[in-house]
Amino acid sequence: MRETEQRAARAYRETFGEESGLVASAPGRVNLIGEHTDYNGGFVLPCAIDRRVAVAVGAGGRGGFETRLYSADFDQTRQIDGKDSSWADYPRGVAWAMGEAGHEISAFNAAFSGDVPLGSGLSSSAAIEAATALALDALFGLGLGRTDLAIICQRAENDYVGVGSGIMDQYASLLCEAGSALLVDCRSLAAQSVPLDLEAAGLALVVCDTRVERGLADTGYNDRRATCERAASMLGVQELRDATEGDLDLLSGAELKRARHVISENARVLEAVEALKERDFQEFGRLMYTSHASLRDDYEVSTPELDAFVRAAEQHGARGARLTGAGFGGCAIALVPRDETAAFTNACEQAFAGHGFEEPAFYEFVPSAGAELGGT
Ligand code: GLA
């Protein structure tokens, strides 16, 4: 068992006074390319990171009538009812969405522990949802597939937690494979693993947390989504996935800019997959830089800190760099020659200090396995 899984199992034993029997864990993610395309029916290419949320589950207390949720990281116990904007809303949302989808679940006990950085755009919320969904599926013998579980997790996020996100994060957390990125067609939900052997290419995936807090629900995320829907209806297409560059002549203002990003980004994802298959990281990196410019200029979701990181990356030998996730703060990624990462992060730190920005945090992640289930 991984350390997070052991901690969850131990927390269960100490809190509920018995062995849990089942432990599931699910990772956070970074998106390599394909941003703000998922809710437009387009393509994304995330990979899971080696940071996870684990949950140990067992039958509920008081003869199976009471559900209790415990977080070892916050040392808090919560009931299943009473949405309170805490970590507990994610498992509550998953249990609710399972019921909404017609699956019988009764009371359960759950203990959580994780090491996905919180609030940085690395999808700690999708990780807790995916771990919960996989664990409850096993506990109640629902026999659901990973795609069904991802849809349930997205429903939890959209309709219980109240964030109108697409399906990328939950999909990545449930379906990614170690050493690979995952190409997802967010309309058909067909997914395909694409080998991402960074080590053989002599590269490292460096993540820069700008430490600028993102607030997905109260930022421009929903606003961007609404503009895309407006642009699609102006063009008479179901989703921007169906629009082409030629259609852009019919748009102006914000609709033009947002649509131009989505159309070009979808094309970049498919080109990036081809580049990965040929191990052409030069081309892959170029597409990352172009994606960032499009998110900065057309989608307008970058920040001065994210831009400073990408500029520093360009100046200090990164093959490619871009913001990852929703933007408005959070994290950016860069592909950096393995033996240059220390000099690279130093140079970025200096650039941040020069601008008077908060000191960033750096991580190096390895493309990791999606959600997994085990016994205790
Ligand atoms: C957030 C959302 C995802 C996706 C990205 C932007 O991470 O949760 O569904 O829309 O933003 O690509």
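Read the numbers this way: they start at 1 and go in the same order the structure lists the ligands and their atoms.
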Passing candidate, side-chain hydrogen bond (donor to acceptor under 3.5 Å, both in side chains) with S294, options E35, H261, H36:
H261
Which ligand 1 atoms does [X] reach within 4.0 Å, using its non-hydrogen atoms?
X	answer
G166	9 (O)
Y39	10 (O)
M168	4 (C), 5 (C), 12 (O)
D38	3 (C), 4 (C), 9 (O), 10 (O)

Does any N or O of ligand 1 fall below 3.5 Å from an N or O anywhere on [X], backbone included?
X	result
D169	yes
E35	yes
G34	no
T37	no

Could you report the tightest heavy-atom contact between S165 and Q154, atom names first, then the distance?
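That closest heavy-atom pairing would be O-NE2, 3.1 Å.
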According to ring pair (Phe, Tyr, Trp, His ring centres under 6.0 Å), who are the partners of H292, at least two apart in sequence or on a separate chain?
none
Quick one: list whatever passes ring pair (Phe, Tyr, Trp, His ring centres under 6.0 Å) with F357, sequence neighbours left out.
F352, H355
CD (E100) with more than 12 external heavy atoms under 6.0 Å:
yes
Taking E300 first and then R258, would you say they form a salt bridge - that is, a charged N and a carboxylate O separated by under 4.0 Å?
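Salt bridge present between E300 and R258.
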R29: heavy atom below 4.0 Å from ligand 1, yes or no?
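Under 4.0 Å: yes for R29.
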Between R52 and S25, do the side chains contain a donor N or O and an acceptor N or O under 3.5 Å apart?
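Yes, because at least one side-chain N or O of S25 sits under 3.5 Å from a partner of the opposite role on R52.
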